[in-house]
Protein chains: 2
Amino acid sequence: MYRIGELAQRYQVKTDTLRFYDKHGLLKPSSRSESGYRIYSEDDAQRLRFILRAKAIGFSLTDISELLSIELDKSNWACADVKGVVDIKLADLEAKIAELNYFKTSLQRLSDACCGGPESAEHCSILEALESNSSAIKCENQTHRHDPSHYTKNCQSKG
Amino acid sequence: MYRIGELAQRYQVKTDTLRFYDKHGLLKPSSRSESGYRIYSEDDAQRLRFILRAKAIGFSLTDISELLSIELDKSNWACADVKGVVDIKLADLEAKIAELNYFKTSLQRLSDACCGGPESAEHCSILEALESNSSAIKCENQTHRHDPSHYTKNCQSKG
DNA sequence: CTTGACCTTAGATTCAACTCCAAGGTTATA
DNA sequence: TATAACCTTGGAGTTGAATCTAAGGTCAAG
């Protein structure tokens with residue numbers, strides 16, 4: 001039996017977080033002391049571990065609620081239901097990753113085109129790319145008038 | 001010279017969004033009509049294109065503010081400043097992608113271990129993985145008592 | 001019997017980037 | 001002149017997951 005602070009410390013969460021989980025129905029302490037303190041049982045702790053593990057895997061609290069309601073009533077659910085939750089999440093995640101990879105490619109292309117040196121940004125190819133209408137990125141080699149030996153290592157035949 | 005609705009339609013944004021950009025200083029219309037309507041110039045439109053392009057690349061509005069303030073005063077900034085903004089973003093993005101890939105791997109492992117069939121979830125390996133303390137995931141082949149021919153295609157020698 | 005660490009509650013705030021609303025003013029067209 | 005389509009403002013709501021605040025109750029030690 002743990003009080004909120006003990007449970008919080010044991011699992012490295014804030015007491016606020018546990019109260020939040022209580023309020024939102026994810027984890028209600030199985031009893032209260034006479035004075036109203038939350039008292040968490042070992043089962044409650046187990047449930048918290050479930051929540052934290054699911055969170056670490058990338059589930060939202062809403063997903064976790066769903067998984068917990070299945071968990072509490074396993075025999076009335078099928079594997080297909082559980083796998084469905086996971087697979088939807090997986091598809092979301094793949095879409096998100098694809099999007100971020102697209103951003104990354106764009107940024108990488110911008111970064112590569114810029115010398116990154118102490119030259120004035122007047123001809124900075126990053127700014128020019130953001131100003132222009134085209135998606136082509138011009139390298140700075142042509143616009144900066146100085147010895148390019150230090151700054152061109154990143155910018156080779158792009159665009 | 002465009003009124004807010006025209007500019008919005010031309011660039012496929014909502015008028016609300018343009019008012020939001022105005023309020024937050026990203027894009028203030030260069031003039032107002034006698035009756036107070038926002039009037040956007042061609043320069044304003046160019047600035048909007050800059051914003052939208054930067055957004056599409058994955059910059060936050062905060063990042064974009066910073067880029068715009070450099071853009072407006074290019075000669076007092078160096079390429080290094082601009083590239084710095086991009087490279088910080090790139091590093092953030094890489095960290096985010098790595099995190100999501102980690103989530104994805106975890107979810108994929110869970111998904112692969114579950115038959116996804118109409119069997120009761122009582123021995124669902126996904127739920128068991130979330131309940132257990134170990135990170136090992138047991139495949140359902142051993143726990144479901146039925147012809148496994150349809151459901152084991154995803155679960156081979158995992159864990 | 002007081003100090004300090006703990007606990008309670010309801011409700012406000014945070015972040016991003018909008019999005020929506022109400023109440024009212026303007027402008028173009030029939 | 002009436003109607004519809006536009007515009008204005010300030011302010012509230014959205015999502016997710018907390019985090020913080022204020023005002024107060026409880027408990028163990030000295």
Side-chain angles (χ1 to χ4, degrees), chain A residues 1-40 44 48 50-68 85 88-89 92-93 95-96 99-100 103, chain B residues 1-40 44 48 50-68 88-89 92-93 96 99-100 103:
Chain A
M1 298 306 216
Y2 316 97
R3 284 193 312 186
I4 195 168
E6 292 170 298
L7 192 69
Q9 192 176 18
R10 199 165 296 234
Y11 293 98
Q12 302 286 55
V13 295
K14 302 221 164 169
T15 55
D16 278 331
T17 303
L18 292 177
R19 288 195 198 95
F20 177 85
Y21 290 169
D22 182 353
K23 186 156 62 179
H24 289 74
L26 271 97
L27 179 60
K28 300 226 173 257
S30 47
S31 58
R32 292 280 186 141
S33 75
E34 278 183 24
S35 52
Y37 287 14
R38 288 171 180 81
I39 305 291
Y40 293 91
D44 296 333
L48 177 58
F50 185 104
I51 293 169
L52 296 179
R53 236 172 265 126
K55 224 161 66 78
I57 286 170
F59 288 106
S60 70
L61 297 190
T62 309
D63 298 329
I64 295 173
S65 286
E66 190 172 357
L67 287 172
L68 280 167
V85 175
I88 285 171
K89 200 70 195 171
D92 287 355
L93 210 46
K96 192 91 199 165
E99 193 193 14
L100 293 188
F103 289 161
Chain B
M1 299 306 217
Y2 316 98
R3 284 194 312 185
I4 196 168
E6 292 170 297
L7 192 69
Q9 192 177 19
R10 198 166 297 233
Y11 292 99
Q12 303 286 56
V13 295
K14 303 220 165 169
T15 54
D16 278 330
T17 302
L18 292 177
R19 288 195 198 96
F20 176 84
Y21 289 168
D22 182 351
K23 188 156 59 178
H24 289 75
L26 271 96
L27 179 60
K28 301 227 173 254
S30 47
S31 58
R32 292 281 186 140
S33 75
E34 277 182 26
S35 54
Y37 287 15
R38 288 171 180 80
I39 304 291
Y40 293 92
D44 295 333
L48 177 59
F50 185 105
I51 293 169
L52 296 178
R53 236 172 266 125
K55 224 161 68 78
I57 286 170
F59 288 105
S60 69
L61 297 190
T62 309
D63 298 329
I64 295 173
S65 287
E66 189 172 358
L67 288 171
L68 280 167
I88 284 170
K89 200 72 195 170
D92 286 356
L93 209 45
K96 191 93 199 163
E99 193 193 14
L100 293 187
F103 289 161

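Throughout, protein chains are lettered first and strands after them, A, B, ... in sequence-line order, and every chain is numbered starting at 1. Keep in mind that what you see is a predicted model, and the values were worked out from it rather than measured.
- Annotation: the span from A/S33 atom OG to A/M1 atom CE amounts to 11.5 Å, rounded to 0.5 Å.
- Between A/K55 and A/S60 there is no side-chain heavy-atom pair separated by less than 4.5 Å.
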Could you please spell out the steps behind the side chain to side chain contact (heavy atoms under 4.5 Å, CB included) verdict for B/F103 and A/I57?
CA-CA 5 Å; B/F103 289 161; A/I57 286 170; 5.7 Å; no

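- Within residues 32-40 of chain B, the residues having any heavy atom under 4.0 Å from DNA chain D are, by residue number, B/R32, B/G36, B/Y37, B/R38.
- Summary of helix geometry: the two end axes of the helix from C/dC1-D/dG30 to C/dA30-D/dT1, each defined by five base pairs via their C1' atoms, are inclined to each other by 30° (rounded to 10°).
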Output a table of donor-acceptor pairs, distance under 3.5 Å, between side-chain atoms of residues 4-15 of chain A and any protein atom two or more places apart or on a different chain; print 'none' if there are none.
unit_1: A/E6; atom_1: OE1; unit_2: A/R3; atom_2: N; d: 2.7
unit_1: A/Y11; atom_1: OH; unit_2: A/R49; atom_2: NH1; d: 2.7

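- Shown here for B/R32 and B/P29, the closest heavy-atom pair between the two residues is NE-CG, 4.3 Å.
- Note that CG of B/D92 and CG of B/D63 are 8.0 Å apart. Values are rounded to the nearest 0.5 Å.
- Atom CD1 of B/I64 is separated from atom CZ of B/F50 by 8.0 Å, given to the nearest 0.5 angstrom.
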Between A/Y40 and A/L18, is the side chain to side chain contact (heavy atoms under 4.5 Å, CB included) condition met? List the steps.
CA-CA 10 Å; A/Y40 293 91; A/L18 292 177; 3.9 Å; yes

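- Taking both residues in full, the closest heavy atoms of A/L26 and A/L68 are given as O-CD1, 3.7 Å, listed atom of the first, atom of the second, then distance.
- For the segment residues 4-11 of chain B, no residue has any heavy atom less than 4.0 angstrom from an atom of DNA chain C.
- Considering only heavy atoms from C-beta on, B/Y2 stays 4.5 Å or farther from B/D44 through its side chain.
- One distance of note links OG of A/S65 with CD1 of A/I51; it measures 8.0 Å at 0.5 Å rounding.
- A salt bridge does not link B/D22 to B/R19: none of the charged nitrogens lies less than 4.0 Å from a carboxylate oxygen.
- Proximity of B/Y21 to B/L61: side-chain heavy atoms (C-beta onward) are separated by under 4.5 Å at one or more points.
- At the heavy-atom level, B/R3 lies under 4.0 Å from the strands shown only through sugar-phosphate atoms.
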Contact pattern, 5' to 3', of nucleotides 12-19 of chain D - B, S or - by protein heavy atom under 4.0 Å
-----BBB

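- Between the CG atom in A/L52 and the OG1 atom in A/T17 there is a gap of 9.5 Å [rounded to 0.5 Å].
- Nucleotides of DNA chain C with any atom under 4.0 Å from a heavy atom of chain B span, from 5' to 3', C/dA17 to C/dT27.
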